[in-house]
Amino acid sequence: MTEPYALSWLVGTLVDRRFETPSAATLELDVPGWRGAMAGQHVDVRLTAEDGYSTQRSYSLASAGTMGLPGGPVTSERISLTVQVVDDGEVSPYLTQDLQVGDQIELRGPVGNWFVWHATDPHPVQLIGGGSGLVPLMSMLRTRRDVASVSPFRLLVSVRTPGDALYADELATLEPGVAVTRVWTRTGPPGFLGPIGRVNADILRDACFPPDLNAHVFVCGPTPFVELVADTLVDLGHDPDRIRTERFGPTGA
Ligand SMILES: Cc1cc2nc3c(=O)[nH]c(=O)nc-3n(C[C@H](O)[C@H](O)[C@H](O)COP(=O)(O)OP(=O)(O)OC[C@H]3O[C@@H](n4cnc5c(N)ncnc54)[C@H](O)[C@@H]3O)c2cc1C
């Protein structure tokens, strides 16, 4: 029996790899048969060793969405993923350090219809990311840029140190159209005089659209980060139905 498209495994070839930080790399992959995705969706990646051992992980699409656009879908078989190395991890060090241009991996998708920004939706959008949780939010920002959307966007991103900040140069090109607030949890940039520490209610109140604007809120990152942010937003008066979350917990098969 033929599998539904989204469940079929495809073969992607690495065509470029660039380091965003010393411990995170963006992989550009050509995927024949790829039919596109909406901003916020992810893929399952499957690696199989010569002895037949196989393992899978999920990775968000960093590239702009190509479906659900105001002008219709864009045809592209090129996708990008950004992988943050997890120390002692099985898959992330392989993808970022061992996989070479020309190598192939299996992947399937797009997966997930909930954590998705519809590029035809005019509502304000509040993005909140912790660490590599910025990846699917970057897809939404790139989609917004590509379709010249005027939906108001704000981004709050929590990062350990400036050396860990993903997409820093590209985010700078999106400002001031997109208001970007950075929270440094360990060390700030030279001359930074603001607070160092975790996201809290005061930061969320100051950086986010107020609850009465009914913004769509997308929160992504490690599970404790996502839960803290979502609970605090509800305490601040945000409608829980407008808060969409994606947790980057372990996904090993
Ligand atoms: C929907 C979804 C989308 C994701 N998108 C991305 C993405 O765009 N970029 C990205 O870098 N990762 C993403 N992840 C996380 C990714 O799937 C893997 O969990 C991550 O790369 C670690 O895999 P690993 O094989 O290297 O580590 P493993 O061998 O699975 O784990 C090694 C050790 O690290 C712990 N661990 C596993 N995953 C994490 C984690 N995410 N954070 C902290 N500790 C962890 C494990 O409990 C274990 O102790 C996503 C996860 C989900 C569920």
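Just the heavy atoms: all of them, side chains too, but no hydrogens, waters or symmetry mates, feed the values below. Read the numbers this way: they start at 1 and go in the same order the structure lists the ligands and their atoms.
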Region of [X] that comes within reach of ligand 1 [heavy atoms, distance under 4.0 Å]:
| X | answer |
| --- | --- |
| H42 | side chain |
| V91 | both |
| V111 | neither |
| E246 | side chain |

Query - Ligand-residue contact atoms, ligand 1 with R57, heavy atoms, under 4.0 Å - result: 17 (O), 23 (O), 24 (P), 25 (O), 28 (P), 29 (O), 30 (O)
Query - SB check R154 E175 (cutoff 4.0 Å) - result: no
Query - D121 and H216 side chains, donor-acceptor separation under 3.5 Å - result: yes
Report task. May I ask whether P93 has any heavy atom positioned less than 4.0 angstrom from an atom of ligand 1? Result -> yes
Report task. Could you tell me whether the side chain of Y94 reaches within less than 4.5 Å of the side chain of V85, counting heavy atoms only? Result -> no
Checking [X] against [Y]: charged group under 6.0 Å from the ring centre and within 45 degrees of the axis?
| X | Y | answer |
| --- | --- | --- |
| R244 | W114 | yes |
| R145 | F153 | no |
| R160 | W184 | no |

Candidate with minimal heavy-atom separation from [atom], of [options]:
| atom | options | answer |
| --- | --- | --- |
| atom 24 (P) of ligand 1 | R247, Q56, E90 | E90 |
| atom 44 (N) of ligand 1 | V85, V43, V86 | V86 |
| atom 9 (N) of ligand 1 | T82, L134, V135, L166 | T82 |

Report task. Please round to the nearest 0.5 Å and tell me the distance separating atom CZ of R144 and atom OG of S139. Result ->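 That separation rounds to 14.0 Å.
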